[in-house]
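First up is the structure itself, then whatever we jot down about it.
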Amino acid sequence: MRVLSFIIIIFSASFLFSCNQSSTGADLSAIALLGFNGQSAATSLEEKFQSAESKTFYRKDGNIQFQDILIEYKLKESKGESETVEAFLGNPNEISFNTQTKQVTGHFNQKEDLYQTNSIPFSYSDYTRRFKVILTYKKEGKIVSYLEVTTTPPNPPTIPPNSITLPTITYETKRSVIGGTEYQVIRVKFQAGADLSPFTKLDAYIGRPSIIALAADNYNVINYIKATYYDTSLGNFLFLTPELNASYKIIVVGATADAKGNRSIDTTPPAPPPSPCAGSVNAPATIGNCSTHCLVVDLVGNQMSYIAKTNLESEVEDYLSLDANSTTPSGGTGPANLAWIEHFSPIGAGEYQTENRTFDVTTYAHSCIVLSSYLVKDGPNGFGDNYITGKVNVP
């Protein structure tokens, strides 16, 4: 009986395997395809980050000892309008990035680089903890690249009593284009001749005037955007920000072997550069003096025209050259071709002018046009030349 039952079981299993062989093969193929698609998703990640590092700062506020974590990064290329950088903070053994789902899990804090400073700050109320930060690059809200950074807790300094006065500080600010991006460049300096040799620590912090503040110990700084160290070779603290029109408060803290102190200063953004069309006149207009050399500009409907003129009183000139040219405010090619005349002896007295140049103001993209003319004369009385230029508003 036992033998018969065993035979029946074997036969049933063989029959089922035979009947389902084709569907089982299809299922295995589907499983393999799923596995392949999973690998493909993982390899679709891009390498957007050039580098990243973490800096930690010790801070004590009352009886609570904090660590401020600053994640600084560099990108291989500038971000687009729909692209953002966001950092996730978590314990090293809990936080992770799933390359299949492209999701970060196990984090307890996350922040975006809202101020476009290429840095993201975090704070934590236990200065002894290590953390892992997953830095992500998002395109239209989806993670397309990531980088992991592990933090090292700061060493708590010995903070002496608040009994020293730092030297007076000043600042300079200007606009500067760096790597294709225009920044507000802020340099904070100590007064000339200040003796900084006793100081073992000099740091500066920048933040919003109404938000950044000294902690209760009058030494550590809270709610700042970015921190930096005193550069002894350049003799200043340096901050770069893409916010060209923003005002900031900068707090400088310093310590000697047995004392500490601070200074603060409020900044005003640099004045914007003058308009490239500053000094422009409205058409009709005359640039120069037509009794000797001028440009005459007219506007009829949508058509603006200009012509260069000169007036010769002498009958003995041997050579005359006169041109009329246009450019954009930035020096680019203008909307009309160069107009130019040239005459050789004999040249009679009277008025000479270039061909009239005309363009449609509705097809010109700039708010003003730069016109210029160069005049050259040569004869028995000697060589002479004259250059005139001016800007005309384009409606």
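Here the structure is a predicted model, which is why all the values come from computation and not from measurement. All residue numbers refer to positions in the sequence shown, counting from 1.
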Aromatic plane relationship, F57 with Y205 - under 30° parallel, 30 to 60° tilted, over 60° perpendicular: perpendicular
Shared hydrophobic cluster, I120 / L89 (ILVMFWY, side-chain heavy atoms < 4.5 Å): yes
Interatomic distance, C277 atom SG to H366 atom NE2 [nearest 0.5 angstrom]: 9.0 Å
Main-chain N/O of N93 paired with N91 side-chain donor or acceptor, under 3.5 Å: no
Flag, side chain of K391 to backbone of P276, donor-acceptor distance under 3.5 Å: yes
Q50-Y73 side chain donor-acceptor pair, cut-off 3.5 Å: no
CA sep, side-chain torsions, deciding dist, call: M304, T358, side-chain contact (heavy atoms from CB on, under 4.5 Å): CA-CA 6 Å; M304 180 172 283; T358 303; over 6 Å; no
Q184 side-chain N/O to E243 backbone N/O, donor-acceptor pair under 3.5 Å: yes
Short side-chain to backbone donor-acceptor contact, D266 and P209, under 3.5 Å: no
Side-chain (T200) to main-chain (A255) donor-acceptor, under 3.5 angstrom: yes
Check: V297 and S305 side chains under 4.5 Å, non-hydrogen atoms: no
Contact summary for G90 and F108, nearest pair of heavy atoms: CA-CE2, 3.6 Å
Side-chain H-bond candidate by donor/acceptor type, N393 with N282, under 3.5 Å: yes
Side-chain donor-acceptor contact under 3.5 Å, R357 with N325: no
Minimum side-chain heavy-atom gap R208-Y248 below 4.5 Å: yes
K132 vs H107 side-chain heavy atoms within contact, under 4.5 Å: no
Residue pair I251 / S264: nearest heavy atoms and the distance that separates them: CG1-CB, 4.0 Å
Donor-acceptor contact below 3.5 Å, side chain T228 vs main chain A204: no
D68 backbone acceptor or donor facing T56 side chain under 3.5 Å: no
Heavy-atom check, side chain of V188 versus side chain of Y230, under 4.5 Å: no
Test item: side-chain donor near acceptor, N109 and Y124, under 3.5 Å: no
cation_pi(K111, F122) dist<6.0 Å, angle<=45: yes
Joint cluster assignment, Y364 & V392, ILVMFWY side-chain distance < 4.5 Å: yes
Validation row: V104, Y146 side chains within 4.5 angstrom (heavy atoms): no
Any donor-acceptor N or O pair under 3.5 Å, side chains S96, N98: no
Side chain D113, main chain N118, donor-acceptor under 3.5 Å: yes
Approximate separation, where rounding is to 0.5 Å, of E182 CD and S176 OG: 8.0 Å
K226 side chain near L70 side chain, heavy-atom distance below 4.5 Å: yes
Check: E46/Y137 side-chain N/O donor and acceptor closer than 3.5 Å: no
Hphob cluster co-occupancy, Y306 + I287, side-chain heavy atoms under 4.5 angstrom: yes
From CD1 (I250) to CZ (F239), nearest 0.5 Å: 5.5 Å
L75/F49 under side-chain contact (heavy atoms from CB on, under 4.5 Å): CA gap, chis, key distance, verdict: CA-CA 5 Å; L75 299 174; F49 294 99; 3.7 Å; yes
Exam field: side chain Q67 to backbone P153, donor-acceptor pair closer than 3.5 Å: no
Passing candidate, side-chain hydrogen bond (donor to acceptor under 3.5 Å, both in side chains) with Y374, options D385, N386, T389: D385
same_hphob_cluster(F344, V376) at 4.5 Å side-chain heavy-atom cutoff: yes
Residue pair Y171 / N236, side-chain heavy-atom distance below 4.5 Å: no
For residues 308-318, tabulate all N or O donor-acceptor pairs below 3.5 Å that involve a side-chain atom, not counting sequence neighbours.
unit_1	atom_1	unit_2	atom_2	d
T310	OG1	T292	O	2.6
S314	OG	V316	N	3.0
E315	OE1	A349	N	3.3

Atom pair CG/OH of L214 and Y224 - distance to nearest 0.5 Å: 13.0 Å
Side chain proximity check, T354 to W340, heavy atoms < 4.5 angstrom: no
Option passing ring pair (Phe, Tyr, Trp, His ring centres under 6.0 Å) with Y58 (candidates F66, Y127, Y219): Y127
Derivation of the side-chain contact (heavy atoms from CB on, under 4.5 Å) call for D231 and L238: CA-CA 8 Å; D231 190 326; L238 174 64; over 6 Å; no
Test side-chain contact (heavy atoms from CB on, under 4.5 Å) applied to L320 and L375, step by step: CA-CA 8 Å; L320 171 67; L375 168 67; 3.5 Å; yes
Geometric cation-pi criterion R263 and F190, 6.0 Å radius, 45° cone: no
Spacing of T170 atom OG1 and I265 atom CD1 [to the nearest 0.5 Å]: 6.5 Å
Nearest-0.5 Å distance, CG of residue N245 to OG1 of residue T268: 12.0 Å
